[in-house]
Amino acid sequence: MMTRTVDPTQELAAFLRTRRERLDPADFGLPARQRARRTPGLRREEVAELAGVSIDYVGRLEQGRGLRPSATVVESLARALRLAPDERAYLFNLTQQRPRDTDGPTTTAAPSLSRLVTDLSPLPAMLMNHRFDILAWNDQMARLLVDFTTLPPTRRNAMWLCLMHPEVREFYVDRERVVREGVAHLRAAWAAHPEDRVLSDLIAEFVAHDAEFATLWATGAIDGSGRGHKVLRHPGVGVIAVDFEVLVPLQDPGQRLVIHRAADDASRSALDRLCGP
């Protein structure tokens, strides 16, 4: 017996039909009795007008006739159908398009994630956005790296600390590898957010003022991995090896939770001394 797989074209057709049919014409200011409606929701021509596309195009999409709409058309359909954020993301996935960042970069920590960072103690943890701006941290993270409250908000950036901070830049035993990986991560973030002028300006600042960064940026290396290993030479407790995980919350995909753990027994003892009462 053969098992039928889901056809994305037919799923797209069904998805568009069901979302159109659930809409109330009254919510769009359309006359309730303009003419008898044989099916619930908006008509295809009404969706087409709202989305700025032809009636024939909407019809072919709903009939599963193999069209692949552009990202602009998908965005227009999402607005016309008043899709919720998760539905909008699903529509973009179905059409194999990448949505624009409609909300802009996240510059403040989501309250629930900020509380989670605190609750992760005694593990050093922090919350960043795609620019590597540090939005929230717990006491253990501050003791491990730097007292973030002493820095202006514009300098609470993980890449800036690694490159420019006179103390932090000397923390890493294998600094060359850490910087190389950081630059590759930053390039991946820049490629995903080419419209972010603040990020582009930050990269330009690094290129202009740090020869090491400029050389590595020119290589074009990209790294989107979410875990790693670092060895720090802490001035208070000596060498600490840590493993870290980068987690992206489903509800707040513009934020990244970074959690550090001791990589060996000696490092665990050092972290206990550093982060103890």
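No experiment lies behind these values; they were computed from the predicted model shown.
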Answer yes when Arg268 and Asp272 have at least one side-chain N-carboxylate O distance shorter than 4.0 Å, and no when they do not. no
So Val53 and Ser76, do their side chains get closer than 4.5 Å, heavy atoms only? no
Using a 6.0 Å cut-off, check whether atom CH2 of Trp190 has over 12 heavy atoms from anything other than its own residue. no
Short N-O contact, Glu212 and Arg175, less than 4.0 angstrom: yes
Side-chain touch Val246/Leu257, heavy atoms, less than 4.5 angstrom: no
Which distance, rounded to the nearest 0.5 Å, do you find between the CG of Leu144 and the SG of Cys275? 6.5 Å
Can you name the nearest heavy-atom pair linking Leu42 to Pro25, along with the distance? CD2-CA, 3.7 Å
Atom CZ of Phe213 and atom CZ of Arg180: how far apart are they, to the nearest 0.5 Å? 14.5 Å
Walk me through whether Met141 and Asn138 qualify under side chain to side chain contact (heavy atoms under 4.5 Å, CB included). CA-CA 5 Å; Met141 191 70 235; Asn138 58 19; 3.3 Å; yes
Do Leu274 and Ile240 make a side-chain contact, defined as non-hydrogen atoms from C-beta onward lying under 4.5 Å apart? yes
How close do Ala136 and Ala109 get, counting heavy atoms only, and between which atoms? CB-CB, 4.0 Å
Mind checking whether Ile134 and Val117 sit in one hydrophobic cluster, side chains of I, L, V, M, F, W, Y counted as touching below 4.5 Å? no
Does Ala14 offer a backbone N or O that forms a donor-acceptor pair with the side chain of Thr18 under 3.5 Å? yes
Taking Arg88 first and then Glu75, would you say they form a salt bridge - that is, a charged N and a carboxylate O separated by under 4.0 Å? yes
Can you confirm whether the side chains of Ser225 and Asp223 place a donor and an acceptor under 3.5 Å from each other? yes
Closest heavy-atom pair, Thr9 versus Arg65, reported as atoms and distance to 0.1 Å, is CG2-N, 4.2 Å
Between Arg19 and Glu87, does at least one N-O distance fall below 4.0 Å, as a salt bridge requires? yes
Under 4.5 Å between any side-chain heavy atoms of Val231 and Asp174, yes or no? no
Got more than 12 heavy atoms from elsewhere within 6.0 Å of CD, Gln97? yes
Give a yes or no on whether Met128 and Leu116 share a hydrophobic cluster (residues Ile, Leu, Val, Met, Phe, Trp, Tyr; joining criterion: side-chain heavy atoms under 4.5 Å apart). no
How long is the straight-line distance from CG of Asn93 back to CD of Glu11, given to the nearest 0.5 Å? 11.5 Å
Taking it one step at a time, do Arg197 and Asp201 satisfy salt bridge (Lys or Arg N to Asp or Glu O under 4.0 Å)? CA-CA 6 Å; Arg197 184 58 182 270; Asp201 289 346; 3.1 Å; yes
Note: Pro235 and Phe171 closest approach over all heavy atoms is CD-CE1, 3.7 Å
Return yes if some donor-acceptor pair links the side-chain N/O of Arg68 with the main-chain N/O of Gln96 below 3.5 Å, else return no. yes
For Arg44 and Glu62, what are the C-alpha separation, side-chain angles and deciding distance, and is it a salt bridge (Lys or Arg N to Asp or Glu O under 4.0 Å)? CA-CA 9 Å; Arg44 286 177 179 170; Glu62 289 194 1; 2.8 Å; yes
Check: Phe15 and Leu83 side chains under 4.5 Å, non-hydrogen atoms: yes
Side chain to side chain contact (heavy atoms under 4.5 Å, CB included) between Leu199 and Leu186: does it pass, once the steps are laid out? CA-CA 9 Å; Leu199 178 59; Leu186 192 63; 3.9 Å; yes
Does some side-chain heavy atom of His185 sit less than 4.5 Å from a side-chain heavy atom of Ile222? no
Drop me the distance from Leu12's CG to Asp7's CG, to the nearest 0.5 angstrom. 10.0 Å
Of all the heavy-atom pairs spanning Thr107 and Asn129, show the shortest one and how long it is. CA-ND2, 4.4 Å
Could you go through the salt bridge (Lys or Arg N to Asp or Glu O under 4.0 Å) check for Arg60 and Asp56 one step at a time? CA-CA 6 Å; Arg60 285 186 289 163; Asp56 179 65; 3.0 Å; yes
Please report the shortest heavy-atom distance between Ala51 and Leu77, naming the atom on each side. CB-CD2, 4.0 Å
Cation over ring face, Arg82 and Phe28, 6.0 Å, 45°: yes
Show me, pair by pair, the donor-acceptor contacts under 3.5 angstrom made by side chains of residues 145-163, not counting sequence neighbours?
from, atom 1, to, atom 2, distance (Å)
Asp147, OD1, Thr149, N, 3.2
Asp147, OD1, Thr149, OG1, 2.6
Asp147, OD2, Thr149, OG1, 3.3
Thr150, OG1, Asp147, O, 2.6
Arg155, NH1, Glu205, OE2, 3.3
Arg155, NH2, Glu205, OE2, 3.3
Arg156, NE, Phe148, O, 3.0
Arg156, NE, Leu151, O, 3.1
Arg156, NH2, Leu151, O, 3.1
Asn157, OD1, Met159, N, 3.0
Asn157, OD1, Trp160, N, 2.9
Asn157, ND2, Arg131, O, 2.8
Asn157, ND2, Phe132, O, 3.4
Asn157, ND2, Asp133, OD1, 2.9

Donor-acceptor pair, distance only, cut-off 3.5 Å: does the side chain of Thr219 make one with the backbone of Thr215? no
d(Arg261 CZ, Leu123 CG) to nearest 0.5 Å is 8.0 Å
Can you find a heavy atom in the side chain of Lys230 that is under 4.5 Å from one in the side chain of Glu181? no
Cluster check Leu67, Leu94: I/L/V/M/F/W/Y, side chain < 4.5 angstrom: yes
Quick check against the 3.5 Å criterion: does His193 have a side-chain atom that pairs as donor or acceptor with the backbone of Glu195? no
Gln255 (side chain) donor-acceptor with Leu127 (main chain) under 3.5 angstrom: no
Taking the side chain as every heavy atom from C-beta outward, state whether Asp252 and Leu113 have any pair of such atoms under 4.5 Å apart. yes
Might you confirm whether atom NE2 of His209 has over 12 heavy atoms from other residues, nucleotides or ligands at distances under 6.0 Å? no
Where do Leu50 and Leu81 land on the side chain to side chain contact (heavy atoms under 4.5 Å, CB included) test, with the steps shown first? CA-CA 9 Å; Leu50 290 169; Leu81 296 171; over 6 Å; no
Between Tyr57 and Val73, does a side chain to side chain contact (heavy atoms under 4.5 Å, CB included) hold up when you go through it step by step? CA-CA 10 Å; Tyr57 192 84; Val73 170; 3.9 Å; yes
Any chance CZ of Arg227 has more than 12 other-residue heavy atoms, nucleotides or ligands included, within less than 6.0 Å? no
Separation between CD of Gln140 and CD1 of Ile259, rounded to the nearest 0.5 Å: 12.5 Å
